[in-house]
Amino acid sequence: MIDIDGITKRYGKATVVDRVNLQIPRGGVVSLIGANGAGKSTLLSMVGRLLEPCDGRITVDGHDVQATPGPELARRLSVLRQENHLPVRLAVGELVAFGRFPHSGGRLSTRDHDHIDRAIAHLDLGPMAHRRLDQLSGGQRQRAFIAMVLAQDTDYVLLDEPLNTLDMRHAAQTMDTIRRMADDLDKTVVVVLHDVNVAAHHSDRIVAMKHGRVVADGSPSEVVDRDVLRHVFDLDVPVSHTDAGPVAMHFGRACTSGDAPLASRTGEFR
Amino acid sequence: MLQLRDDLDRPVADRDADHGFSPRHAALVLAVLAALAVAAIAVFMTYDLRGSLAFALELRAKKVAGMALVGTALGVATVLFHTVSGNRILTPSLMGFDNLYLLIQTGAAFTFGTFAFLSVDVRLRFGLEVVVMMGFALALHRLFLGRARDDVVALLLVGVVLGGMFASLTDLVARLIDPNEYVTLQDQFFASFATVDEELLGVSALAVGAVLVYVWRRTARLDVLALGRDTAVGLGVDHTRTVDRVLMVVALLVSVATALVGPITFLGLLVSNLAYRLVGTFRHRWTLPSAALAGVVALIGAQFAIEEYFAFETRASIVISFIGGTYFIILLLREART
Ligand SMILES: Nc1ncnc2c1ncn2[C@@H]1O[C@H](COP(=O)(O)OP(=O)(O)OP(=O)(O)O)[C@@H](O)[C@H]1O
Ligand SMILES: [Mg+2]
């Protein structure tokens, strides 16, 4: 279980994550949604110990994220950031192989190679495994990074907008992979998504953030709801209920603002 | 109905793609560099031998050992510094490391008196100086590297300011020292390879050897470190601690080089970038030995050229600084364009 207890992050006077409490039990896919700047990436980075919280404590299966030795945590928890920049040049296959570092320490066994090959196949990277990352398209690069995280083979996987630059087919494939990681491999995936319909369709639970706080937390049918979405995004979104679950009709409609977003926006700039 | 075309040629994914790196190629590069280093040493040891053979050989062996040590130290230190700072332009020397070493020496000479300072066992002196250098490396990490990691220009400015500050402080302190004493001191600082202290050579060799073993056993972790902080942390590398240790290694290596021959500003930059281009990978098990060997070849080559063609009128470090400085400007221009 991931236990987030009173986590706070401040930059100067701005509190970007505000006393968040969240328990994520073992197994399943949890989506994190919310407007730009809501604090999703910040929260995820703190769980992935890329960022130090100002206050509060995070444990993964009882291990304090800040105190657990790096390699041990890296065998339990992997994290994909929203933006990935590499200072060095390397091939797709090499990057994916780095995902095995916490297990192999750099010396790859046959088992490591199995994981690498499977991750490459899952993300359709076979034909470009030998190509250099800096010579790929943005979406291809994104897939390589997801494959690296997949190869790391951890119980907990944190993905910050993995669909960011993916085309329709690869987005669907990636969501399928994420679903299978939870269903077949018993992993726990926390994924930041912007499309609430994708979130609703693929996750077991949706957590919505706003202004650094968790403002909604529940099953897809509970969160993908006109009133909840209006509160989360300051946007009126009709929701139709189909056989495949709730669908938010967020396209082709005028923006309304329920509860005075202007005031909160000026607040953000101050 | 909308017509869908299905006769499109699929783009060849692999057309002229630059395939990752090939270990065979890198091994070949390493072998050639090793052969060049051996050849350089052999030529340097044997050309134009006159007079007492034993004496000449011993003198040259000392020189060659010094050069090999300095070339290796600067090559390895620069590659390591590039890895922790996430770029290939900054070097320890550009960040003020060797100027600081001179300042420490001058400061100590001023505080304790030049002759008292010089009469302390050279090994003890060196050890204490290294400790101060390591302290500086850690401070640099905390104050600048941690924050401005991605901003090469800012770091470069920091380096210029620090280097300049250390140099002027050294100058200031030097003025306070008795001029006659200062001449003695300067001989120490800008020792040429001909006057290398044998005891210093001994400790330096030991220190460099130990550090190389330490680094060599951690090349896989260094590779992960080179992927950048966040990726490295995600893969379980304790980033702060690892960078601290690497920077202490760098401080030691730069101290060795500076203690033996004084500052050689652009040697590290030159040979490390040469190594990256030649081996075609950032993997440390290839870049570290190639940079070290390139450093040895460059230094012995420059020294040979000086003794042979310039008749000792100039120093190897000046030739290298000129070539390396030109290369540095080319690198900066290329960086500015991308
Ligand atoms: N290094 C920083 N210094 C100051 N403020 C920061 C820093 N990083 C993030 N912030 C602020 O924290 C807030 C939350 O940012 P975060 O990246 O967590 O948002 P997000 O929910 O992931 O948004 P998005 O959907 O755009 O990715 C933003 O208002 C941002 O401006
Ligand atoms: Mg984000």
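By convention in this document, chain letters (A, B, ...) are assigned in the order of the sequence lines, proteins followed by strands, and residues within each chain are numbered from 1.
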Between A:Gly106, A:Pro102, A:Pro69, A:Ser45, which residue shows the highest count of heavy-atom pairs closer than 4.5 Å to chain B? A:Pro102

Where along residues 147-157 of chain A does a heavy atom come under 4.5 Å of chain B, listed by residue number? A:Met148, A:Gln152

Examine whether an atom of A:Leu50 lies under 4.5 Å from a heavy atom of chain B, and if so say whether it belongs to the side chain, the backbone or both; otherwise answer neither. both

Does this structure show an ion pair linking A:Glu94 with B:Arg283, if we count only N-O contacts that are shorter than 4.0 Å? yes

For A:Arg169, salt bridge (Lys or Arg N to Asp or Glu O under 4.0 Å) partners two or more places apart: A:Asp124

With A:Arg89, which residues qualify under salt bridge (Lys or Arg N to Asp or Glu O under 4.0 Å), at least two apart? A:Asp134

Using 30° and 60° as the class boundaries, would you call the ring planes of B:His82 and B:Tyr276 parallel, tilted or perpendicular? tilted

Among B:Thr231, B:Val233, B:Leu235, the residue with the most heavy-atom pairs under 4.5 Å to chain A is B:Leu235

CD1 (B:Ile330) and CG (B:Asn273) are apart, to the nearest 0.5 Å, by 11.0 Å

Okay, B:Asp230 and chain A: the region with an atom under 4.5 Å from a heavy atom over there is both

Donor-acceptor pairs under 3.5 angstrom involving side-chain atoms of residues 207-225 of chain B: please list them, not counting sequence neighbours.
residue, atom, partner, partner atom, Å
B:Arg218, NH1, B:Tyr214, O, 2.9
B:Asp223, OD1, B:His284, N, 2.8
B:Asp223, OD1, B:His284, ND1, 2.7

When you measure from the side chain of B:Asn99 to the backbone of B:Gly163, do you find a donor-acceptor pair of N or O atoms at a distance under 3.5 Å? yes

